[in-house]
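Input: a single structure, listed below in structure tokens.
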Amino acid sequence: MNLDIVILAAGRGTRMNSHIPKVLHQIGGDSMLGHVLNAASKLDAEQIHIVVGYGVDQIKKEFSKDKELQWALQDRQLGTGHAVMQAMPSIDTTRSEKQVLVLYGDVPLTNSSTLSKLVQQANENTLCILTLVTENPTGLGRIVRDNSGEITAIVEEKDASEEQKQIKEINTGIMVIPATKLNTWLNSLGNDNAQGEYYLTDVVAMAAADDDCAISAMIIDDENEVQGVNDKAQLAGLERQFQMNNAEQLLKAGVLLRDPSRIDIRGDIETGSDVEIDINAIFEGSVSLGNGVKIGANVVIKDSKIADNVNILTGTNIDGAEIGAGSSVGPYARIRPGTILKENTKIGNFVEIKNAIIGKGSKASHLAYIGDAELGENVNIGAGTIFCNYDGVNKHKTIIGDNVFVGSNSVLVAPVTLADNTFVAAGSSVNCDVPADSLAVARAKQRNIPGWKRPTKQ
Ligand code: UD1
Ligand code: CA
């Protein structure tokens, strides 16, 4: 492991117009820095250093679980060269074979395969720059080459001559630099330039002047991989790009997307064969969809497992649940954490379920709340049924056996058990256990008053 990675993330990102440090803004449900770290972590580096300044506490807190990271503080943002300097004390510059890969925390979509190709090109006598040829180089550092095509320097836009501004090959900022040399070069870096900053890019001219060091460039094709984010418009643009990449992968895997531009994946999704997804579906965290699953429009699914041949209908929200094969959920159902629906269940519109197991073939077709419960097989929960699981202090459980029928508008006051084959009359308020094979009627007896006169207006 001859590689150390330095991620620059000290900048405030003024143009984001936000109190959140720039690199914590999210793409696809993960922070930009999270994306960079994810790519970096696949490279087999000895150490990963993050240079932070603005919002250091917030950033460190966000990544506090990752004990391996090396944090370097850059109090004042005096330039990219100055930023890298802050990480140097914890890099072993005595080993000439050590390489330093510099990444930016606000360039989130670089593939690890691109980085690993770049790293492979570098060695103790070669500095490697990832460059891009673009029709729109404004604002970026230009790659200056001599007549024979050798790179001689990088010149920043603000320091460039009119002639240099015509150059279309730009510095993406991503470089691999031999550590020993980098250390020497950084020590002689000045800030006598248009911005009064210590430019990391100035080490390129130093490398060109060093007989012992070659410079090579790897030109990247896909602009999005090296696109940085400076404002919300660019953040939104890269979010769409990221989601288009996700959509393409799903389509390639055989998933039918009704509109690839209207899907959002904010985490990891696994899909079986013949999955169909209608518009505006959002998948968060870790989601798996079995074979033949159909997802309706405007569905949100988070951290859930959906088994084969399940139908999730329009507007349904599922979080932390398992949906058994052949089940149908929605439209407009809300399935909350701890819910397990066994095979062939049917949960209809405006049904909320929390922390409950619903047995095979059971149904709640409309307007119900089922919380903290266990239901057996072939149970029918009528419209308007409420499981009263909360007495204001504690939560209690409702247990329901097989083949139970709960009539509409019933209230089941937990803790309560309805044994197998029980039947609850509509409108009942059940607060005592019901033994097997019985009918529970728990409502006021009906009285009819003949000849009743309606009130008249006074
Ligand atoms: C830099 C490059 C430029 C390149 C461009 C690509 C230099 C001098 N210029 O430009 O050649 O085309 O990136 O986007 O390197 N940062 C710190 N501390 C600092 C300054 C910056 O951590 O003191 C971080 C920023 O948070 C950001 C990254 O370094 O993540 C790049 O900084 P930015 O100011 O955007 O770079 P530019 O000067 O625009
Ligand atoms: Ca920038």
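Residue indices begin at 1 and follow the sequence shown.
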For [X] and [Y], indicate whether the former's side chain and the latter's backbone hold a donor-acceptor pair under 3.5 Å.
X      : Y      : answer
Asn349 : Pro331 : no
Ser41  : Leu37  : yes
Asn291 : Asp308 : no
Ser18  : Ile20  : yes
Ser304 : Val287 : no
Arg443 : Ala426 : yes
Asp106 : Val23  : no
Ser362 : Gly376 : yes

Between the side chains of [X] and [Y], is a donor N or O closer than 3.5 angstrom to an acceptor N or O?
X      : Y      : answer
His25  : Ser31  : no
Gln47  : Gln70  : yes
Asn136 : Lys168 : no
Asn246 : Glu248 : no
Glu197 : His82  : no

Might you point out which heavy atoms bring [X] and [Y] nearest each other, and give the distance in Å?
X      : Y      : result
Asp4   : His49  : OD2-NE2, 2.7 Å
Leu186 : Gly81  : CD2-O, 3.8 Å
Glu225 : Asn111 : OE1-N, 3.0 Å
Thr172 : Tyr104 : O-CE1, 4.1 Å
Ala10  : Gln77  : O-CD, 3.3 Å
Val107 : Val36  : O-CG2, 3.4 Å

Non-hydrogen side-chain atoms of [X] and [Y] separated by less than 4.5 Å:
X      : Y      : value
Val430 : Val413 : no
Ile5   : Leu3   : yes
Asp420 : Val404 : no
Ile220 : Thr131 : no
Val416 : Asn431 : no
Val424 : Ser428 : yes
Val229 : Met16  : yes
Ile277 : Ile263 : yes

Rounded to the nearest 0.5 Å, what's the gap from [atom1] on [X] to [atom2] on [Y]? Could you check?
X      : Y      : atom1 : atom2 : value
Asn378 : Thr345 : CG    : OG1   : 11.0 Å
Thr201 : Ile143 : OG1   : CD1   : 9.0 Å
Asp319 : Thr339 : CG    : OG1   : 9.0 Å
Gln86  : Leu78  : CD    : CG    : 8.0 Å
Ser410 : Phe405 : OG    : CZ    : 9.0 Å
Arg15  : Asn230 : CZ    : CG    : 4.0 Å

Testing Lys354, His396, Lys395 one by one against Asp372 for a side-chain hydrogen bond (donor to acceptor under 3.5 Å, both in side chains), which residue passes?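 Checked Lys354, His396, Lys395 against Asp372; only one passes side-chain hydrogen bond (donor to acceptor under 3.5 Å, both in side chains): Lys354.
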Among Glu239, Arg240, Gln241, find the one that has a side-chain hydrogen bond (donor to acceptor under 3.5 Å, both in side chains) with Gln243.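 For Gln243, the side-chain hydrogen bond (donor to acceptor under 3.5 Å, both in side chains) check succeeds only for Glu239.
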Take atom [atom1] of [X] as the centre, draw a 6.0 Å sphere, and report whether it contains more than 12 heavy atoms from other residues, nucleotides or ligands.
X      : atom1 : answer
Glu270 : CD    : no
Lys158 : NZ    : no
Lys363 : NZ    : no

Which is it for Ile295 and Leu313 under the side chain to side chain contact (heavy atoms under 4.5 Å, CB included) test, yes or no, and what are the steps along the way? CA-CA 6 Å; Ile295 307 289; Leu313 303 164; over 6 Å; no
Would Glu343 and Ser327 count as a side chain to side chain contact (heavy atoms under 4.5 Å, CB included) here? Give the steps. CA-CA 6 Å; Glu343 297 98 273; Ser327 296; 5.6 Å; no
Between Glu377 and Lys342, is there a side-chain N and carboxylate O pair less than 4.0 Å apart?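 Judged by the 4.0 Å cut-off on N to carboxylate O distance, Glu377 and Lys342 do not form a salt bridge.
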Dump the intermediate steps for side chain to side chain contact (heavy atoms under 4.5 Å, CB included) on Leu182 and Thr93, then the final yes or no. CA-CA 8 Å; Leu182 175 63; Thr93 56; over 6 Å; no
What residues, two or more places apart in sequence or in another chain, satisfy salt bridge (charged side-chain N to carboxylate O under 4.0 Å, His left out) together with Glu374?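 For Glu374, the residues satisfying salt bridge (charged side-chain N to carboxylate O under 4.0 Å, His left out) (neighbours in sequence not counted) are Lys397.
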Who are the ring-ring contact (aromatic ring centres under 6.0 Å, His included) partners of Phe242, not counting sequence neighbours?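 In terms of ring-ring contact (aromatic ring centres under 6.0 Å, His included), with neighbours along the sequence ignored, Phe242 is linked to His35.
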For Tyr390, which residues count as a ring-ring contact (aromatic ring centres under 6.0 Å, His included) partner, sequence neighbours excluded?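 Tyr390: no ring-ring contact (aromatic ring centres under 6.0 Å, His included) contacts found.
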Of Val299, Ile323, Val351, which meets side chain to side chain contact (heavy atoms under 4.5 Å, CB included) against Val329?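 By the side chain to side chain contact (heavy atoms under 4.5 Å, CB included) criterion, Val329 pairs with just one of Val299, Ile323, Val351: Ile323.
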Mind running salt bridge (charged side-chain N to carboxylate O under 4.0 Å, His left out) on Asp278 and Arg258 for me, showing each step along the way? CA-CA 5 Å; Asp278 209 330; Arg258 294 292 171 198; 5.3 Å; no
Going through the checks in order, is the side chain to side chain contact (heavy atoms under 4.5 Å, CB included) test met by Val293 and Asn309? CA-CA 5 Å; Val293 167; Asn309 303 313; over 6 Å; no
Is there a salt bridge (charged side-chain N to carboxylate O under 4.0 Å, His left out) between Lys305 and Glu322? Walk through the geometry before answering. CA-CA 5 Å; Lys305 279 192 187 151; Glu322 287 177 29; 5.1 Å; no
Do Arg142 and Glu157 pass the salt bridge (charged side-chain N to carboxylate O under 4.0 Å, His left out) test, and can you show the C-alpha distance, the side-chain angles, and the key distance before you say yes or no? CA-CA 7 Å; Arg142 307 298 205 281; Glu157 166 101 10; 2.8 Å; yes
Aromatic ring proximity Tyr369/Phe387, centre distance under 6.0 Å: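 So the answer is no for these two rings.
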